[in-house]
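For reference, the structure discussed in these notes is given below.
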Amino acid sequence: MARQVEIWNDRAEIASRALLLCQLAYNEAIAKGERFTIVAAGGSTPRVLYELLATKDWDWSKVHVFWGDERYVPATDPQSNEGMTRQAWLDRVDIPASNIHPIPTEADDPAIAATQYEQHIQEFFGINAGEVPQFDMILLGMGDDGHTASLFPHTPALKVSDRLVTLGNKDGQPRITMTVPLINKAKEIVFMVEGAAKAKALSAVLAPKGDVNQYPSRLITGNTIWLCDRTAMNQKK
Ligand code: 6PG
């Protein structure tokens, strides 16, 4: 599948470019009379994009928002990806509550939550177990260690190929994450990577060869656009 790498000056330019890509993907889905399915990324980088998405006069009744991963905390927790996305974007647009599909984090056992989310995705797309649905757009970030979503280096989640959603693990903290096959099936995958701290991992992830267990973002081989700033690409401004 295609991989495109774009270098931008800063987080604001990355967000503006990501907004255009979201707009184009939305236009394509709506022009076909279909709903637009988008998967939100967690962390801090996407916040600027979410604030821009909140300014769009889309037909939000046709937009469905999912998450690629979640920390195993309530939505009210400052660590929550859902909470951040709602505050920066979803609380500011007229999107039906039923169009927002958060990863559940109430079950005592996070493995149950992963199964619940997988079943929800299957029901939403009307597919059977074993089938992999195609989201219109999946937004991703990348950590300083080369992880993406909650696919962390040397964790079992990297090898899960028969599920849509599985358990992640960050330093012993449970995470819920979409799996590599589900992410790679997306019509379009957009990475947003900013900051000098990511330069070493980004170089290893984009290199022709490397260790996918050490740099899990290398596992994302679908139709991908990397939006990176100069410092992450180790370039002088
Ligand atoms: C999370 C994210 C994670 C994030 C990267 C980058 O739950 O933390 O899903 O994969 O995208 O860690 O995070 P920043 O954007 O904060 O650098």
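Hydrogens, waters and symmetry mates are skipped; everything else that's a heavy atom, side chains included, is used. Ligands are counted one by one from 1 in listed order, and the atoms in each one are counted from 1 as well.
Proximity of Ile183 to Leu140: side-chain heavy atoms (C-beta onward) are separated by under 4.5 Å at one or more points. For the pair Val65 and Trp89, the minimum side-chain heavy-atom distance is below 4.5 Å. Taking the side chain as every heavy atom from C-beta outward, Tyr50 and Gln87 never approach each other to under 4.5 Å.
For ligand 1, the atoms lying closer than 4.0 Å to a non-hydrogen atom of Arg175 are 1 (C), 7 (O), 8 (O). Close approach to Met142 involves these atoms of ligand 1, each under 4.0 Å from a residue heavy atom: 5 (C), 6 (C). Interface of Asn81 with ligand 1, defined as ligand atoms under 4.0 Å from a residue heavy atom, comprises 1 (C), 7 (O).
Distances between N or O atoms of Arg71 and those of ligand 1 include at least one value under 3.5 Å. For ligand 1, the polar-atom distance check finds an N/O of Ala149 within less than 3.5 Å of one of the ligand's N/O atoms.
Here the protein heavy atom with the shortest distance to atom 5 (C) of ligand 1 is His147 NE2, 3.5 Å. Looking only at heavy atoms of the protein, atom 13 (O) of ligand 1 is closest to Gly43 CA, 3.9 Å.
Residue contact annotation: Met192 has no non-hydrogen atom under 4.0 Å from ligand 1. Residue contacts with ligand 1: Lys198 is included, with a non-hydrogen atom under 4.0 Å away.
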| query | Can you check side chain to side chain donor-acceptor pair (under 3.5 Å) on Tyr215 and Lys200, steps first, answer last? | reply | CA-CA 10 Å; Tyr215 296 105; Lys200 179 174 180 289; 3.2 Å; yes

| Does the pair Asn99 and Lys62 meet the rule for a side chain to side chain donor-acceptor pair (under 3.5 Å), with working shown? | CA-CA 8 Å; Asn99 287 27; Lys62 294 194 170 62; over 6 Å; no

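Applying ring-ring contact (aromatic ring centres under 6.0 Å, His included) to His64 and the options Phe36, Phe135, Phe124 leaves one that passes, Phe124.
Here Glu194 does not pair with Lys198 in a salt bridge; the nearest charged N to carboxylate O distance is not below 4.0 Å.
Selection from Ser80, Pro46, Gly168, Gly141 by nearest heavy atom to atom 11 (O) of ligand 1 gives Gly141. Of the listed options Thr45, Asp69, Val193, Asp69 places a heavy atom closest to atom 9 (O) of ligand 1.
Residue Met192 holds its CE atom at 5.0 Å from CG of Leu49, rounded to the nearest 0.5 Å.
When all heavy atoms of Leu227 and Arg17 are compared, the closest pair comes out as CD2-CG, 3.6 Å.
At a 4.0 Å heavy-atom cut-off, ligand 1 touches Ser44 through backbone and side chain alike. At a heavy-atom cutoff of 4.0 Å, ligand 1 is contacted by the backbone of Thr148 but not by its side chain.
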